[in-house]
J.: 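Quick one: structure below, then a few questions.
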2 protein chains.
Amino acid sequence: MTTTKLGRPRSLDIKQAATIAMNLFWERGYETVGIADLTKAMSIKPPSLYAAFGNKAGLLEKALEQYQSQEGKNFKPAFDAKTKEEFIKKLFSTAANSYTKHKTLKGCLVLEGTRNTADKTALEISTRFVLSTHEAISEKLSQLNVENNLTIADLCITVLFGLSAYAKAGISRERLQAVAHKMSEGIVININ
Amino acid sequence: MTTTKLGRPRSLDIKQAATIAMNLFWERGYETVGIADLTKAMSIKPPSLYAAFGNKAGLLEKALEQYQSQEGKNFKPAFDAKTKEEFIKKLFSTAANSYTKHKTLKGCLVLEGTRNTADKTALEISTRFVLSTHEAISEKLSQLNVENNLTIADLCITVLFGLSAYAKAGISRERLQAVAHKMSEGIVININ
DNA sequence: CTAGTTTTGTAGTGGTCACTATATTATCCT
DNA sequence: AGGATAATATAGTGACCACTACAAAACTAG
């Protein structure tokens with residue numbers, strides 16, 4: 001059972017292309033980035049992109065996967081937390097930090113990438129990633145024996161949405177960190 | 001000093017046109033709504049729109065003004081509050097309510113309308129409205145003798161951003177109200 | 001009435017959008 | 001070598017984008 005492939009070998013590095021797309025979508029949003037921008041940045045022609053990813057939404061999916069495996073690492077300390085206080089604190093502060101880490105790549109690609117897009121497929125793909133984040137948070141809260149873990153997970157998603165949006169709007173790192181700090185203090189006091 | 005105007009009288013009702021634009025931008029976002037959509041909904045031709053508003057961004061400005069004078073009323077009880085606790089509580093709960101009031105018009109037009117838009121003029125106009133909201137909140141907090149009123153105002157904007165984004169993502173009214181309630185409880189405990 | 005002024009509808013402008021029909025190129029299999 | 005297969009580049013597709021040149025229409029002033 002040999003797995004050698006027939007035909008002309010692919011010269012496009014798929015992971016590298018997904019990373020290029022990730023950076024463009026992250027900086028400017030899914031709909032604002034055109035196929036021409038993408039192919040130019042990848043130094044390929046449109047048919048190569050379509051052969052590799054099917055369509056623009058398929059490329060978004062790979063870009064989001066790349067984003068998750070790359071940026072998700074930042075949140076490992078939070079999800080390794082032993083107490084609910086530590087989890088909430090690290091979740092919010094990590095978000096504030098990573099959302100303002102780069103000058104051009106602001107906010108969270110998952111939460112911002114497909115805002116105001118008409119492409120329903122792209123929207124559905126993004127929504128899947130948001131829901132999986134909600135699931136991860138509510139599960140962690142449950143493990144930490146937090147009451148009303150679903151509502152608190154909703155609250156966390158709301159805060160992440162807010163921090164990401166404000167980061168994208170251009171707030172400074174210091175101000176966003178202050179918000180995350182104050183926010184986690186208040187929330188931590190109020191959960192059981 | 002008569003103020004009679006020369007030339008053909010305007011048959012387009014500017015306020016009504018701004019309201020139509022407001023609803024379209026609110027539902028679908030600034031960039032997703034085309035001039036063709038707007039002129040069709042207003043039953044006019046493009047030159048009439050450009051004669052009245054200059055360009056698409058000028059129409060956005062009038063739409064945002066209409067939005068502010070129309071939806072801003074919802075927040076009057078919050079800004080009439082006598083204590084910081086009452087203010088925060090009403091600010092968040094009003095946001096959760098008004099952001100989920102209509103099935104198609106979700107979230108806040110000011111906070112969502114120009115997400116991921118390349119049009120810098122439109123972005124700048126939206127940003128002005130966000131900044132004026134920040135100013136109103138920080139001023140109210142100052143009147144209520146809240147310490148660190150600028151940081152708390154940042155926190156409030158973050159929450160409004162989050163509630164609006166989550167509303168736009170389709171969360172139910174009940175869940176968003178629960179988030180707003182839990183959020184205000186925690187924040188109120190933690191401010192001085 | 002005519003002249004001046006402003007808004008209107010007609011009918012487009014060039015530019016960009018995501019996407020593709022077709023042919024060429026580069027590989028593996030026989 | 002020659003056929004099969006798959007990825008590539010060439011060169012476009014029609015649809016939509018915000019916007020406008022132009023002239024007809026509707027009014028006021030004289």
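All chains are named by letter (A, B, ...) in the order of the sequence lines, taking the proteins before the strands, and each is independently numbered beginning at 1.
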J.: Checking contacts here: which listed nucleotide (D:dA21, C:dC19, D:dT10) is nearest the side-chain heavy atoms of A:K56?
T.: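 From the listed options, C:dC19 comes nearest.
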J.: To the side chain of B:P46, which of D:dC19, C:dT5, C:dC17 is closest?
T.: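 Nearest listed nucleotide: D:dC19.
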J.: Separation of A:K40 atom NZ from C:dC17 atom P, in whole Å?
T.: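 Checked: the NZ to P distance equals 12 Å.
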J.: So, OP1 or OP2 of C:dT7: does either fall under 4.0 Å of a side-chain N or O from B:R10?
T.: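 Yes.
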J.: Between B:G54 and A:S43, which residue's closest nucleotide on DNA chain D lies nearer the 5′ terminus?
T.: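 Its nearest nucleotide being more 5', the pick is A:S43.
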J.: Take the protein atom CD of A:E31 and the nucleotide atom C1' of D:dC16, then report the distance between them rounded to whole Å.
T.: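 Rounded to whole Å, this separation is 12 Å.
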J.: Are there more than 12 heavy atoms of other residues, nucleotides or ligands under 6.0 Å from atom NZ of A:K62?
T.: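 No.
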J.: Nearest whole Å is fine: how far is D:dA26 P from B:L12 CG?
T.: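 Taking CG of B:L12 and P of D:dA26, I get 17 Å after rounding.
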J.: Can B:D154 and A:K182 be counted as an ion pair, charged N to O under 4.0 angstrom?
T.: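 Looking at A:K182 together with B:D154, the answer is no, because their closest N to O distance does not fall below 4.0 Å.
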J.: Closer to the 5' end of DNA chain D via nearest nucleotide, is it B:P9 or B:D119?
T.: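 That would be B:D119.
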J.: Assess the pair A:F161 and B:F161: is the distance between their ring centroids shorter than 6.0 Å?
T.: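 Aromatic pair excluded; centres sit 6.0 Å or further apart.
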J.: Measuring from the side chain of A:Y50 (C-beta onward, heavy atoms only), which nucleotide among C:dT27, C:dC19, D:dT8 has the closest atom?
T.: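 The nucleotide sitting nearest to the side chain is C:dC19.
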J.: Of all the choices, C:dT8, D:dT8, C:dC19, which nucleotide is nearest to the side chain of B:A51 once you look at every atom?
T.: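 Side chain of B:A51 sits closest to C:dT8.
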J.: With a cut-off of less than 4.0 Å, is there a side-chain N or O of B:S11 near OP1 or OP2 of C:dT8?
T.: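 Affirmative; the distance criterion is met.
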J.: Taking for each residue the nucleotide of DNA chain C bearing the nearest heavy atom, is the 5' side occupied by A:L6 or by B:P47?
T.: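 Counting from the 5' end, the first nearest nucleotide belongs to B:P47.
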J.: Counting only heavy atoms not in A:E135, do more than 12 sit closer than 6.0 Å to its CD atom?
T.: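 Open: at most 12 neighbouring heavy atoms sit under 6.0 Å from CD of A:E135.
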J.: Flag yes if more than 12 heavy atoms outside A:Q70 fall under 6.0 Å of its CD atom; otherwise flag no.
T.: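 Yes, because the 6.0 Å sphere around CD of A:Q70 holds more than 12 heavy atoms from other groups.
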J.: Closest to the A:N55 side chain: D:dT8, C:dC17, C:dC19?
T.: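 Nearest nucleotide to the side chain: C:dC19.
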J.: To the side chain of A:S48, which of D:dA25, C:dT10, D:dA9 is closest?
T.: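 Nearest nucleotide to the side chain: D:dA9.
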J.: Grab the NZ-P distance between B:K45 and D:dA21 for me, whole Å please.
T.: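 It is 19 Å, rounded to the nearest whole Å.
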J.: Starting at CZ of B:R8 and ending at P of D:dC22, how long is that distance when rounded to a whole Å?
T.: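 From B:R8 CZ to D:dC22 P: 19 Å.
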J.: Are A:T4 and C:dC28 close enough that a side-chain N or O sits under 4.0 Å from OP1 or OP2?
T.: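 The answer is no; no side-chain N or O of A:T4 sits under 4.0 Å from OP1 or OP2.
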